[in-house]
Every structure is written in C-alpha cells, then in structure tokens.
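Single-structure report; data block below.
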Amino acid sequence: MPRPLLGRYLVAILGCAALLGANYVHAEQVVVYSARIEQLIKPMFDVFTKDTGIAVKFITDNEGALLARLKAEGKNTPADMLITVDAGNLWEAAREGLLKPIESKTLDANIPTHLRDPQKQWFGLSVRARTMVYNTHKVKPGELSSYEDLAEPKWKGRLCLRSSKKVYNQSLVAMMIAEHGEAKAEQIVKGWVANLATDPLSDDTRAMEFVAAGKCDVTLVNSYYFGRLLAKSPSSPLAIFWPNQSSNGVHVNVSGAGITKHAKNESAAIKLLEFLSMDKAQNLYAEVNMEYPANPKIKPDEVVSAWGSFKQNTINVATAGELQAAAVKLMDRAGYR
Ligand code: FE
C-alpha cells in the first residue's frame, strides 16, 4: 500500500524536522566579540564546539570598534564575551561597565593572580613578554641588564624604540611608574629618548629591522614579533635578552577575555572562558601566535621554549590600565613621541 506508507514517511520526516528545529532553537551557543583574528580564535572555538556541543558565533574587529559597539548596544547586545589584547584594553572595558565579575574555581586555579582582574571581570589567557632584542654583532649579552639600564649614557645613539602611541609601550611605562614612582620613571624614559638612534618607529618589526640593519643595537619588542621575524629571516643577527632577571622580572602583558555585563548565554560563556584557560586552547596560543600560556601548568611551544625561560614581573597587569593615562602624559613630558 504505497500511499499510506509514503504518508507515514512524511509524518516521520516532518516530525524529525520539527525536532531538529526545536533542538536548534534550544542548542547552547556563545556569541563572541573578538579583537583577536579569526586565524587564532577559530581553531580554539572549533575544539570547544566539538567537545561541548556549544556553538560559538563571533565577529572580529579592532578593540576600539568592539568597545564602542558594546557600549552602543547596551543591554541589547548579542555579545556574551569580549576577547582582546592588552590588559589596558580589558581594564578599559571593565571601567566602562561592559563586563561582569565571574566566580570560577577553574579560572582561579588556571590563571595566576597577577594575570587577572582583582575584581574578576577579565582573565588573562595568554602572556606576551615585552623584552629586549639586540644585534649579536654589536652587543654582548653581558652588556645588557634591565629596562632601566637602557637609559644609561653607554647606550647613547644605540637604542631604537617603537612609538609611544602603542599601548604596549604605554603599559610598560605604566608598570615602571608602579615600580619606581613617576619621578624616577620619567628620568628613565628621558634617558631612553636621549639614547635614541632614530625617531620612534611605527611597529615592533620595523624596530627589529633597524637593529638587524645596524642602525641601532637594541630595542624593546613583544617576543612573538621576534619569533615571526626569525621565521622569515632565519639568518638575521638578532637575539632575545630577558631583562630585569635580578630585579622584578620581564614586563608581561596579556591577551584575555571577560563575560559581557548583559550576556544572554552566561553559563555557556563561562564554559568557553574556562576552556580557553585549559590545555587545548592554551597550547594553541603558543602554536598559532608564539605567545606564552597564561596557565603555568602548560609548557610553551618548542620554538618559544628555545628562547629560554625567564622570570615574569608579577605586578598585577591591571596596573597597566590604571596608570595608562599617567604613562601617556609622562612619555609626552619626556619627549617620547
Ligand atoms: Fe602585537
């Protein structure tokens, strides 16, 4: 009896479709606004979705645009999570009231205190070390010691720096204010300016290219830029030096994330945030962008490990946000453009 059979099939098919539809509506998802590029975050989200069944939707843009969008959308925002680089940006998002505090034993256990917001509105997920890169033909590692030492007259005409407009340098100077106070920090920055071989450069890579070309001897960069440059030009005469190892340690910053104040999928978003602090995602930060895992239980990737281990400065990275405005003014007074 072909007809009733077909009828039954149809009922079954329609029933399945309705079920799938219902499932789709109720399926868990997280919506992410990310200032980090798709190439880095998508592999992490794919693993998360595979492990948990929770879908991740995301948009990427620069942090300024994303913060403006979150502010404009207010409680109607579809975003559950903000991902961005630099504690200064995360601090700003929290100050604008765009994030909410999150209590999570997993995050508390995985992310060291100095790499997360004391109010728990954001958590560092990867560590970026701002360190020295020098020309091995012109500098012996024994001559190098600390950020402060680069202000000494022996470095006159030998230093290259990236522009003070970049938040990375603002955070570094903010940390120096926290450590030394404004007066001494200003003296140090003035010393750097006096030692510059050339006007401040547009980015970290350009600064290293100047060092490699012999136009200056040493510069300050985030170590992943060193990794990228070396991958492209393996014969370049550059090496990394970890400063301040006999004092407070290397200046570190983070990339990180927080849950938005008006998250509609908060519990799924917390699961994603926790996932990002665990081994699979932590390894990807290292593999894809040569950053250091924020979770100290995870080893950095092989290329990065070869640069040697170092002591990190454990001043809370939130300080970079708190003192950012003071740092900008200080650099201006010191003539650091
Ligand atoms: Fe960068």
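Counting convention: from 1, in listed order, for ligands and their atoms alike. Because the structure is a prediction, the values reported are computed rather than measured.
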- request: Describe, in one word, how the ring planes of Phe310 and Trp242 are oriented to each other, choosing from parallel (under 30°), tilted (30 to 60°) and perpendicular (over 60°).
  value: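 The arrangement is parallel - the two ring planes meet at less than 30°.
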
message: Distance alone, cut at 3.5 Å: any donor-acceptor contact between the side chains of Thr131 and Ser223?
response: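 Judged by distance alone, the side chains do not pair up.
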
Basic-acidic side-chain contact under 4.0 Å: Glu266, Lys100: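 A salt bridge links Glu266 with Lys100.
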
Identify all side-chain donor-acceptor contacts of residues 171-183 below 3.5 Å with residues at least two apart in sequence or on another chain.
residue	atom	partner	partner atom	Å
Ser171	OG	Asp86	OD1	3.2
Ser171	OG	Val167	O	3.1
Ser171	OG	Asn253	ND2	3.3
Glu179	OE1	Asn248	ND2	2.5
Glu179	OE2	Asn313	ND2	3.0
His180	NE2	Glu148	OE2	2.6
Glu182	OE1	Arg333	NH2	3.1

field: side chain to side chain donor-acceptor pair (under 3.5 Å) partner of Glu73, chosen from Lys71, Arg69, Lys75
entry: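 Testing Glu73 for a side chain to side chain donor-acceptor pair (under 3.5 Å) against Lys71, Arg69, Lys75 leaves exactly one candidate, Arg69.
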
- prompt: Out of Asp204, Asn222, Asn289, Thr205, which one pairs with Arg228 under the side chain to side chain donor-acceptor pair (under 3.5 Å) rule?
  reply: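 It is Asn289, the one option of Asp204, Asn222, Asn289, Thr205 that forms the side chain to side chain donor-acceptor pair (under 3.5 Å) with Arg228.
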
field: Listed protein N/O/S atoms, distance to the Fe ion (ligand 1) under 2.8 Å
entry: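 Listed by chain and number: Tyr168 OH, Tyr224 OH, Tyr225 OH.
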
